[in-house]
Amino acid sequence: MTVRTRFAPSPTGFLHIGGLRTALFCWLYARHHGGQFVLRIEDTDLERSTPEAIQQILDGMEWAGLDHDEGPFFQTKRFDRYKDVIEELLASGKAYRCYCSKQDLEQMRAQQIARGEKPRYDGRWRESTDSLPGVAPVVRFKNPLTGEAVVDDVVHGRVVFQNSELDDLIIARSDGTPTYNFCVVVDDMDMQITHVIRGDDHLNNTPRQLNMLLALGQRPPVYAHLPMILGPDGTKLSKRHGAVSVLQYRDEGYLPEAVLNYLVRLGWSHGDQEFFSIAEMIRLFDVADVNKSASAFDVDKLSWLNQQHMMRAPAARIVPLLRWHLDREGIQAGNEAQLEQIVVAQRERAKTVHEMAVNSAFFFRAPMTYDEKAVRKHVTADVSALLADAANQLAQLTDWSAPAIHALINRIAAANGVSLGKLAQPLRLAVCGGTVSPPIDATLAILGKTETLYRLTRALDIWGHGIRSLS
RNA sequence: GUCCCCAUCGUCUAGAGGCCUAGGACACAUCCCUUUCACGGAUGCGACCGGGGUUCGAAUCCCCGUGGGGACGCCA
């Protein structure tokens, strides 16, 4: 039997990091076993589901590269099917109509809580064949009253629930629409899902689903309930910390493979290995190796991994991303070859592509201002003379390459009896406006001869007015 | 409240009864490399939630606490 997994988000909000991790594990498991990965949109909540959220989820999945083999299926398009199954259960006496009003139920709950009991439906219509005229009933599943529901979970092991703890859940609302727990059962059955991999907040739903599946004469799938991902402070992921759309990570300059690498290590490991390519994840991942405890989201580690992936990826992989981020900074980027040089020069000093873009802006526009503190520190009268000399000699250089520039700068520094740093820092300041850039030879090489000389001249001119003499 | 789940450095984790003086990674600190910032390298800081058992021996197995999380909707 081929493995079939599914990711079934509800489009009531954006796809966040927790959802993406669930999707990743489902996807990895299917890919590892050469099975199918099904995408299903659980949109039975007509009130809260939105087309925007659906689009966000699809975009997020595409960005992450978690491609599905079937779907997306929409539950709202399967209402006829659910209706048929409900009729079937009603006809066979495995479900019944309940005419309680919402007020009745609220009252029931309030009383139970007051008595210190677990709030649950008391089954008052379970054996009744009566009806209440003028009242639209809900349909409830007739859960077994005794015995136990046993979930054999791949990550948690054997989890036992007493049927007496469960109540008769509503499977069809009074308006006739089916509810989540029921739709999941029918869908997983119809779509022949072999492995249900989902967050462990669903572990408590599983015995109910199991009982319905059994009532429908089905063999249950394999269950794997993944530990939750918590916010950085160890509490539930919420909008205040960390629960942002995965697309925000794209906008902040994270690579999808780095995000996936970070997520795969939350609740799963392979010895001491930290860096995983997508291919390695597929080869090595097994849901049976997932651990049980929740983990907190740590941006620092994500950033570190992102840099690792940027450094190891072919430069050409990063170029279009850098171009995109530069564009967002209002910078029309140069040609492919130049961008590739920039990526190579900058990737070990940026955690994200966005940071790389910001750090690289000076390549495309001459500095508007110069770091004042740095000017005070590095630019003196004799440094100006040194720079002027350097500008002259650079102007003579015919081979405008990093090695040639490197050799020339070394010669100039030596000839003037100063360390390389004494020359490199003011040079850097003149062309970048600040004291941070890739090595000066590479920086000048990428910048080009014309632009370098222009910036040098301009800086000398500007600085010439406010420079204090040493003596 | 009831039910279910979970528990190793600040964080992610290794650990399947002796290999543990508890290993790695992020972060942090110091040093080295160095033309800046980084990258890289080295060192350091730093944890088995508590209490009982079981065992010759427990981070690992069992029980009880404690703490955290989840569920208890005509939400998913």
Side-chain angles (χ1 to χ4, degrees), chain A residues 8-13 42-45 47-49 75 98 100-102 105-106 109 112-121 136-140 151 153 155-156 159-162 164-167 169-175 177 179-181 183-184 199-207 225 227-228 230 232 234-236 262 265-275 291-305 307 311 346-351 359 374 378 406 409-410 413 419-425 427-429 432 434-441 443:
Chain A
S10 65
T12 52
E42 311 224 314
D43 55 350
T44 52
D45 186 351
E47 304 279 308
R48 297 196 298 153
S49 298
Q75 292 186 323
C98 164
C100 288
S101 68
K102 289 185 185 182
L105 297 174
E106 270 167 40
R109 267 193 287 275
Q112 285 162 334
I113 289 168
R115 269 181 271 138
E117 291 168 16
K118 183 175 182 168
R120 48 212 266 285
Y121 177 65
V138 299
V139 179
R140 287 183 184 272
V151 181
D153 193 273
V155 333
H156 289 276
V159 183
V160 180
F161 296 84
Q162 296 304 315
S164 54
E165 287 290 333
L166 275 23
D167 63 359
L169 74 158
I170 293 171
I171 59 177
R173 303 182 180 93
S174 50
D175 65 3
T177 58
T179 59
Y180 163 78
N181 273 113
C183 295
V184 168
D200 66 12
D201 49 339
H202 288 286
L203 188 53
N204 287 289
N205 290 145
T206 310
H225 286 94
M228 301 273 87
L230 277 16
T235 63
K236 191 181 177 178
Y262 175 71
R265 286 283 292 101
L266 251 33
W268 178 83
S269 61
H270 180 72
D272 286 340
Q273 187 171 343
E274 297 288 352
F275 185 94
N291 64 207
K292 305 172 190 181
S293 50
S295 45
F297 186 83
D298 178 19
V299 175
D300 285 336
K301 187 151 184 188
L302 203 212
S303 294
W304 174 77
L305 270 171
Q307 180 167 35
M311 290 194 296
Q346 291 283 50
R347 60 185 169 190
E348 63 202 30
R349 68 202 89 237
K351 297 287 189 192
N359 292 347
H378 295 291
H406 183 81
I409 291 177
N410 268 325
S419 70
L420 194 48
K422 282 276 186 289
L423 175 56
Q425 277 307 78
L427 266 178
R428 201 184 315 273
L429 200 47
C432 313
T435 54
V436 176
S437 86
I440 193 66
D441 50 359
T443 301

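Every heavy atom of this structure was used, including side-chain atoms; hydrogens, water molecules and symmetry mates were not. Lettering follows sequence order; numbering is per chain, from 1.
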Pairwise [atom1] distance for [N] and [M], with rounding to whole Å:
{"N": "B:rU66", "M": "B:rA27", "atom1": "C1'", "value": "29 Å"}
{"N": "B:rG44", "M": "B:rU2", "atom1": "C1'", "value": "49 Å"}
{"N": "B:rU30", "M": "B:rG50", "atom1": "P", "value": "32 Å"}
{"N": "B:rG70", "M": "B:rG57", "atom1": "C1'", "value": "37 Å"}

So, using side-chain hydrogen bond (donor to acceptor under 3.5 Å, both in side chains) as the criterion, who are the partners of A:Q273 when residues are at least two apart? A:E280
Across all chains, not counting sequence neighbours, the side-chain hydrogen bond (donor to acceptor under 3.5 Å, both in side chains) partners of A:E42 are A:R40, A:Q75
Strictly by salt bridge (charged side-chain N to carboxylate O under 4.0 Å, His left out), give each pair with a member in residues 291-300 of chain A just once, sequence neighbours left out. none
Go through the steps to decide whether A:Q425 and A:R428 satisfy the test side-chain hydrogen bond (donor to acceptor under 3.5 Å, both in side chains), and finish with yes or no. CA-CA 5 Å; A:Q425 277 307 78; A:R428 201 184 315 273; 2.8 Å; yes
Could you list the residues that satisfy ring-ring contact (aromatic ring centres under 6.0 Å, His included) with A:H406, not counting sequence neighbours?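 Per chain and number, A:H406 pairs via ring-ring contact (aromatic ring centres under 6.0 Å, His included) with no residue.
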Partner set under ring-ring contact (aromatic ring centres under 6.0 Å, His included) for A:Y180, not counting sequence neighbours: A:H202
Is a donor-acceptor pair below 3.5 Å formed from side chain [X] to base [N], judging by atom type as modelled?
{"X": "A:D200", "N": "B:rG70", "value": "no"}
{"X": "A:T179", "N": "B:rC74", "value": "no"}
{"X": "A:E274", "N": "B:rG24", "value": "yes"}
{"X": "A:R120", "N": "B:rU2", "value": "no"}

Distances for protein N/O vs nucleotides 14-18 of chain B N/O pairs under 3.5 angstrom?
| from | atom 1 | to | atom 2 | distance (Å) |
| --- | --- | --- | --- | --- |
| B:rA14 | OP1 | A:S269 | OG | 3.0 |

